[in-house]
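Below: one structure, written as structure tokens.
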2 protein chains.
Amino acid sequence: MKTHISSQDIPETKRKLLNAGIELMRMKGFNATSVAEICEAAGTTKGGFFHYFPSKEDLTKEAAFLFREEKMKSYEEAGFLSLPDPLDRVMSRLEFLKSSERLHNIYSCLIGTLAQELSTTHPDLREIFQGAFAKMTKDLELDLEAAKALYAPEAVFDPRSLASMFISMFQGAILIAKAADSNEVVVDNIESFITCLRSFFPEAAFRKVKTRRKPAIASGKPAIAAS
Amino acid sequence: MKTHISSQDIPETKRKLLNAGIELMRMKGFNATSVAEICEAAGTTKGGFFHYFPSKEDLTKEAAFLFREEKMKSYEEAGFLSLPDPLDRVMSRLEFLKSSERLHNIYSCLIGTLAQELSTTHPDLREIFQGAFAKMTKDLELDLEAAKALYAPEAVFDPRSLASMFISMFQGAILIAKAADSNEVVVDNIESFITCLRSFFPEAAFRKVKTRRKPAIASGKPAIAAS
DNA sequence: GTTTTCATACAGACCGGTCGGTATGTAGAA
DNA sequence: TTCTACATACCGACCGGTCTGTATGAAAAC
């Protein structure tokens, strides 16, 4: 029994339902989004909905997984995950987040929205959200750790804590962007985080990263091994 | 016509309704909290509810104001707002937040919870949340600005951006604490922020603050004027 | 001082509508 | 013929909000 199927295997109607669910719940949350509404947006009916999902909560679970999966795919496509230099990976990730915030004008993360609303009432969903946040943190932590080892082994910051701080900041920034109806704060906060990073690493590290970036990818061979 | 009354003027039943609303909505959000539920928790009935509030949304507005008012009152009682040294105010504020997180085990901010759920669907509430976040940010910004002018005028950070980053981080940390069912992350993130602060200010500034703190209050006269 | 008046502060039954979910039906593929 | 993939009608529960009724106390009238 597999608990989750990959995006490719999903039939069209189910996929439309999931996409509609993601979009609607990102904006309005779980409780304010009705099953009928999701069906209408997906161009189907309740019959279709409950054919694919035993309950609204089940769609929500799968929607959360799909949302994460697509986010991670967009990271892979952006390319920074495979950069050879860890500090380069960190900086490129931040730049990617910044530019994708500037591009879109939907100020909401499905995971954050649902976590806020459902964590205390739906324990099994809560664990999914917890896992998602932990994964985000870990990804960044590993790069930060490697970057620290490489460029600033004596620095005072703890990679894990700093990564955790960034994820919190990012989620909080999206929340405040929602309230402000502008994602300016997200971009601004990422830049502040970069300022903090710069204060932890020697300036030379950033210069090296900047000049080496493109050639390092082109050559296909890291000048300095990661981690 | 006054738009908002101070806490003292609120009759007991209304107060109970507001308190019940705050507690329930902090945990479950707006939509998952029913009027009947609030009434039961407050020990009254729908008659009482709709005697004091034209609608559920109106109670929510007043609850948000009351929540903020009580938070600010707790800040005043903590005393750090009137400290003479701005860096001392900042550090004491952070320490206060840390210790109050350690004390309570409710991982939720009403404003953040409601902002997440209602910002896109309830424009007038959205503006209230926006204002609340702006106020929090401004409060911290002023202290940071004064502290920078006093101790690190050449530092690279922007007080406004750094304050904004902290508020985002704090709200995000609470969100993640909800998902993790533990406020460990909140305390940890505040400490990370302190580490960032320390990298912006000269170490001497913190030493001065620490040794001077108590005497400065006792004398009632700031050794160095704020702002 | 007593009675009448009237607003306040609720109680609780009730209403139309919406909710998540079910039961049943059916068109088309295999 | 059987199974999949839906459509549609429908259900009981519950929702926010309304309505009517009533206990109470203060003010006004006599």
Side-chain angles (χ1 to χ4, degrees), chain A residues 1-2 5 7-25 27-64 113-114 117-118 121-125, chain B residues 1-2 5 7-25 27-64 66 113-114 117-118 120-125:
Chain A
M1 173 195 161
K2 50 179 170 180
I5 53 175
S7 335
Q8 272 83 348
D9 309 337
I10 303 177
E12 196 191 340
T13 300
K14 182 170 184 179
R15 176 106 210 180
K16 280 182 181 171
L17 284 164
L18 284 167
N19 285 339
I22 289 174
E23 261 185 66
L24 286 165
M25 287 190 186
M27 304 310 289
K28 315 201 299 172
F30 176 85
N31 287 295
T33 301
S34 72
V35 171
E37 209 173 354
I38 296 173
C39 293
E40 203 192 331
T44 184
T45 59
K46 283 197 182 184
F49 187 101
F50 287 102
H51 172 69
Y52 287 112
F53 307 102
S55 72
K56 186 183 170 185
E57 194 181 321
D58 280 271
L59 171 127
T60 309
K61 272 182 208 174
E62 291 203 38
T113 304
L114 295 177
E117 192 177 358
L118 304 176
T121 51
H122 295 64
D124 45 346
L125 279 169
Chain B
M1 174 194 159
K2 51 178 170 180
I5 54 175
S7 334
Q8 272 82 348
D9 309 338
I10 302 177
E12 196 191 339
T13 301
K14 183 173 182 177
R15 177 105 212 183
K16 280 182 181 170
L17 283 164
L18 284 168
N19 285 339
I22 290 174
E23 262 185 65
L24 286 166
M25 287 190 186
M27 305 310 290
K28 315 201 298 173
F30 177 85
N31 287 296
T33 303
S34 73
V35 172
E37 209 173 354
I38 296 172
C39 293
E40 203 192 330
T44 183
T45 60
K46 284 199 181 182
F49 187 99
F50 288 102
H51 172 69
Y52 286 112
F53 307 102
S55 71
K56 185 183 170 184
E57 193 181 323
D58 280 270
L59 170 127
T60 309
K61 271 183 210 175
E62 290 202 39
L66 188 60
T113 304
L114 295 177
E117 192 177 359
L118 304 176
T120 57
T121 50
H122 295 63
D124 45 345
L125 279 169

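So you know, we letter chains A, B, ... as the sequences are listed, proteins then strands, and number each from 1. Everything numeric here is computed off the predicted structure, so don't read it as measured data.
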Discussion item. Can you confirm whether His122(A) sits close enough to Leu114(A) that some side-chain heavy atom of one is under 4.5 Å from a side-chain heavy atom of the other?
Written reply: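 Heavy-atom side-chain distance check fails, nothing below 4.5 Å.
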[X] has an atom [atom1]; how far is it from atom [atom2] of [N], in whole Å?
{"X": "Leu59(A)", "N": "dC19(C)", "atom1": "CG", "atom2": "C1'", "value": "16 Å"}
{"X": "Phe53(B)", "N": "dA9(C)", "atom1": "CZ", "atom2": "P", "value": "13 Å"}
{"X": "Glu12(B)", "N": "dA9(C)", "atom1": "CD", "atom2": "P", "value": "13 Å"}
{"X": "Lys14(A)", "N": "dT4(D)", "atom1": "NZ", "atom2": "C1'", "value": "14 Å"}

Is the distance from OP1 or OP2 of [N] to the nearest side-chain N or O of [X] less than 4.0 Å?
{"X": "His51(B)", "N": "dA9(C)", "value": "yes"}
{"X": "Thr45(B)", "N": "dG12(C)", "value": "no"}
{"X": "Thr44(A)", "N": "dC6(D)", "value": "no"}

Item to complete: Sequence neighbours left out, what passes side chain to side chain donor-acceptor pair (under 3.5 Å) with Asn19(B)? Give chain and number order.
Response: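 Side chain to side chain donor-acceptor pair (under 3.5 Å) check on Asn19(B) returns nothing, list empty.
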For residues 53-60 of chain B, run the donor-acceptor check on the side chains, cut-off 3.5 Å, and write out each pair with its distance to 0.1 Å, sequence neighbours left out.
residue, atom, partner, partner atom, Å
Ser55(B), OG, Glu57(B), N, 3.3
Ser55(B), OG, Asp58(B), N, 3.2
Ser55(B), OG, Asp58(B), OD2, 2.7
Lys56(B), NZ, Phe30(B), O, 2.9
Lys56(B), NZ, Thr33(B), O, 2.7
Thr60(B), OG1, Lys56(B), O, 2.8

In Å, rounded to the nearest 0.5 Å, how long is the span from [atom1] of [X] to [atom2] of [Y]?
{"X": "Lys16(A)", "Y": "Tyr52(A)", "atom1": "NZ", "atom2": "OH", "result": "11.0 Å"}
{"X": "Asn31(B)", "Y": "Glu117(B)", "atom1": "CG", "atom2": "CD", "result": "4.5 Å"}
{"X": "Leu17(B)", "Y": "Ile22(B)", "atom1": "CG", "atom2": "CD1", "result": "11.0 Å"}
{"X": "Thr13(A)", "Y": "His51(A)", "atom1": "OG1", "atom2": "NE2", "result": "8.5 Å"}

Discussion item. Report for the helix from dG1(C)-dC30(D) to dA30(C)-dT1(D): angle between first-end and last-end helix axes, five pairs each, rounded to 10 degrees.
Written reply: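 About 10° separates the two local helix axes.
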Could you run down the sub-3.5 Å N/O contacts of the protein with nucleotides 13-18 of chain D?
residue, atom, partner, partner atom, Å
dG16(D), OP1, Lys56(B), NZ, 2.7
dG16(D), OP2, Val35(B), N, 2.9
dG16(D), N7, Lys46(B), NZ, 2.9
dG17(D), OP2, Lys56(B), N, 2.9
dG17(D), N7, Lys46(B), NZ, 3.3
dG17(D), O6, Lys46(B), NZ, 2.7

Which side-chain N or O atoms in residues 34-50 of chain A pair as donor and acceptor under 3.5 Å with protein atoms at least two apart or in another chain?
residue, atom, partner, partner atom, Å
Ser34(A), OG, Glu37(A), N, 3.1
Glu37(A), OE1, Lys28(A), NZ, 3.2
Glu37(A), OE1, Ser34(A), N, 3.2
Glu37(A), OE2, Lys28(A), NZ, 2.4

